[in-house]
Amino acid sequence: MSDFDSQILRTIIETAHDHFFIVESDGRIRDVSPGSAAVYGISCEELCSSTVQQLEASGVLKPSVSLEVLRTGQPAQLEQQTSTGRRVVAQAYPVFEDGELVAVVSRSMDMTDLQLLQQEYALLQQRFSDHLQRRLGLEDEVAMIEAEVGELEVKSRVMREIALLLKRVAPTDATVLMQGESGVGKTAFAHLVHRWSSRRSGPFLDVNCAAIPEGLFESEMFGYCQGAFSGAAPGGRVGLIEQAAGGTLFLDEIGELPLGVQTKLLKAIQDGSITRLGDSRSRRVDFRLLVATNQDLAERVEQGLFRLDLYYRLNVIPVTLPPLRERREDIPALVERQLARLNERYGRDKILSRDVWQLLMGWDWPGNVRELENVLERAWLASEDVIDAQVLAPSGSDVQSHAFIPGAGASEPSAPVAQSLEEGEGLKAVLARVERDILARLCSELSSTYAIAERLAISQPSVVRKLKQHGLRVGESL
């Protein structure tokens, strides 16, 4: 390598936001970037006189990502705890020469400050939740929120809390990660956050990551210069991130983002700049990022489909929107709003029969608000002046088998739990029968899986899993 090339490499290492290690094949540290000393708690000279084996054994860093690469010969990514109490996301890549592993290049990103911000937000969220439960004079504020959210219809307590929290977060530029099943209203809340922010006069770009072909994603997101590739538009093209300058970029289905684009998006978030395809010049872009997904991003990280460092950057303010079956109090207002919208659109005044209301309140709505609106539109178009149960069939299913009549008390179970083993029945079967009986009773008495979880002192996901296992639904009568 020439002196000029060495100087370029040294400049890159010394000015990078990340902290670099260059490790020999035997674990000796050949070089480190200057910022590493502050993160790992010892000077660069001491680091370069050590091996990664020694650093891991002494607790300076644990575990060593470079050792993992030396063991496997494959790139690795993991979270480290340093002796200074810092938490970093470390990545390492093998360097081969004539098929032999000769070195490892690793880089780490200090995530401590970001995690502290997340902890502060979690504490703020808990304090606000406690405050919300204690205060008796929130009616005016809640009424104001309900008026501002419009068609979102936040009648349930959980949705009111989410709306109030998002209003407090909106004026900042913190990234919000909205999670929840398909159709719960993530896009609508993203619009709301933008409207509440100081960027409300700027653009709002709604991008569905799953709808853009992977081969076009980078050019669509970051733009390109003239002649960057065959078929490029004359004069190039401004990317979606640049189009969101001064406003908000909303990336829906963020879990579908290709790995290659994830790397560039992370750099854009960290540096506030992007580089178009075919261009050597970076451009500063001031934008606010909101993201949403119906997937478990932590699980995709474990599967190697999503970058751990990007996950931490996006997960600053996580907000989980509950499914419609967990907030049935919102159903009447959503139904009335959709019916009014359909009557206005088609120029007729149709009404719902009483039996339809019973079905609407009892259905689980796996497609959430989107399914509710689609079902109502199909029923409206298939009915005369009164929409009755015969034309209402969510997702083509037999909703009458799931009907829930508000106010009806729980009936007695068809058979009591056995007090002794039946012939040929083992303990496992008896316990399953008792568990189902208890869950069935609670489903008829309580209004949500969260309430059941609190009553049984287990986690809410465990309740959901057990209800699915036994074929039960919250709100069903015994």
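Keep in mind it's a predicted model, so treat the numbers as computed, not measured.
Checking side-chain atoms of R288 against main-chain N and O of T172 turns up a donor-acceptor pair under 3.5 Å. For D271 (side chain) and S273 (main-chain N/O), no donor-acceptor pair under 3.5 Å exists by modelled atom type. In this structure a side-chain-to-backbone donor-acceptor pair under 3.5 Å is missing from R313 to D309. Of the possible polar contacts, none joining the E220 side chain to the L240 backbone as a donor-acceptor pair under 3.5 Å is found. With K186 contributing its side chain and D252 its backbone, the two residues share no donor-acceptor pair below 3.5 Å.
Side-chain contact between M159 and P322: present, with at least one pair of heavy atoms (C-beta onward) separated by less than 4.5 Å. Using a 4.5 Å heavy-atom threshold, the side chains of L47 and L55 count as touching. Counting only heavy atoms from C-beta outward, the side chains of L192 and L166 never approach each other to under 4.5 Å. Taking the side chain as every heavy atom from C-beta outward, R276 and V238 approach each other to under 4.5 Å. Residues E56 and P63 have side chains in contact (heavy-atom distance under 4.5 Å, counting atoms from C-beta outward). With contacts defined as side-chain heavy-atom distances shorter than 4.5 Å, the pair V104/V52 does not qualify. Residues M361 and P332 meet the side-chain proximity criterion, which asks for heavy atoms closer than 4.5 Å.
Counting non-hydrogen atoms of other residues, nucleotides and ligands closer than 6.0 Å to CZ of R283 gives a total above 12. Within 6.0 Å of the NZ atom in K264, the count of heavy atoms belonging to other residues, nucleotides or ligands exceeds 12. Within 6.0 Å of the CD atom in Q303, the count of heavy atoms belonging to other residues, nucleotides or ligands exceeds 12. Shown here is R455, whose CZ atom has no more than 12 heavy atoms of other residues, nucleotides or ligands within 6.0 Å.
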Note to self: Assess the residue pair Q179 and T320 against the criterion (side chain to side chain contact (heavy atoms under 4.5 Å, CB included)); give the C-alpha distance rounded to whole Å, side-chain angles, the decisive distance to 0.1 Å, and a yes or no.
What the structure shows: CA-CA 5 Å; Q179 303 170 92; T320 300; 3.9 Å; yes
Next item on the list: Could you please spell out the steps behind the side chain to side chain contact (heavy atoms under 4.5 Å, CB included) verdict for L314 and I269?
Entry: CA-CA 9 Å; L314 298 179; I269 297 172; 3.9 Å; yes
Next item on the list: With side chain to side chain contact (heavy atoms under 4.5 Å, CB included) as the test, would you mind laying out the steps for L101 and L70 before giving the verdict?
Entry: CA-CA 8 Å; L101 196 156; L70 290 175; 3.7 Å; yes
Check: Passes side chain to side chain contact (heavy atoms under 4.5 Å, CB included), T449 versus E326? Steps please.
Finding: CA-CA 7 Å; T449 55; E326 299 290 351; 2.5 Å; yes
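Under the ring pair (Phe, Tyr, Trp, His ring centres under 6.0 Å) rule, H194 has a single partner from F204, F287, F250, F189, which is F204.
Judged purely by distance below 3.5 Å, without hydrogens or angles, the side chains of S182 and R370 pair a donor atom with an acceptor atom. In summary, the side chains of R237 and S219 do not present any donor paired with an acceptor at a separation below 3.5 Å, with no hydrogens or angles considered. No side-chain donor-acceptor contact under 3.5 Å links Y40 and E46.
Ion pair E344/R341 not flagged as a salt bridge, since none of the NZ, NE, NH1 or NH2 atoms sits closer than 4.0 Å to an Asp/Glu carboxylate oxygen. Salt-bridge formation is not detected for the pair R160/E329: no Lys NZ or Arg NE/NH1/NH2 atom is positioned less than 4.0 Å from an Asp or Glu carboxylate oxygen. By the 4.0 Å N-to-carboxylate-O rule, E373 lies close enough to R337 to be salt-bridged with it.
Put simply, CG on L290 and CG on L249 are 8.5 Å apart, with the number rounded to the nearest 0.5 Å.
Annotation: side-chain hydrogen bond (donor to acceptor under 3.5 Å, both in side chains) contacts of K62 (sequence neighbours excluded): none.
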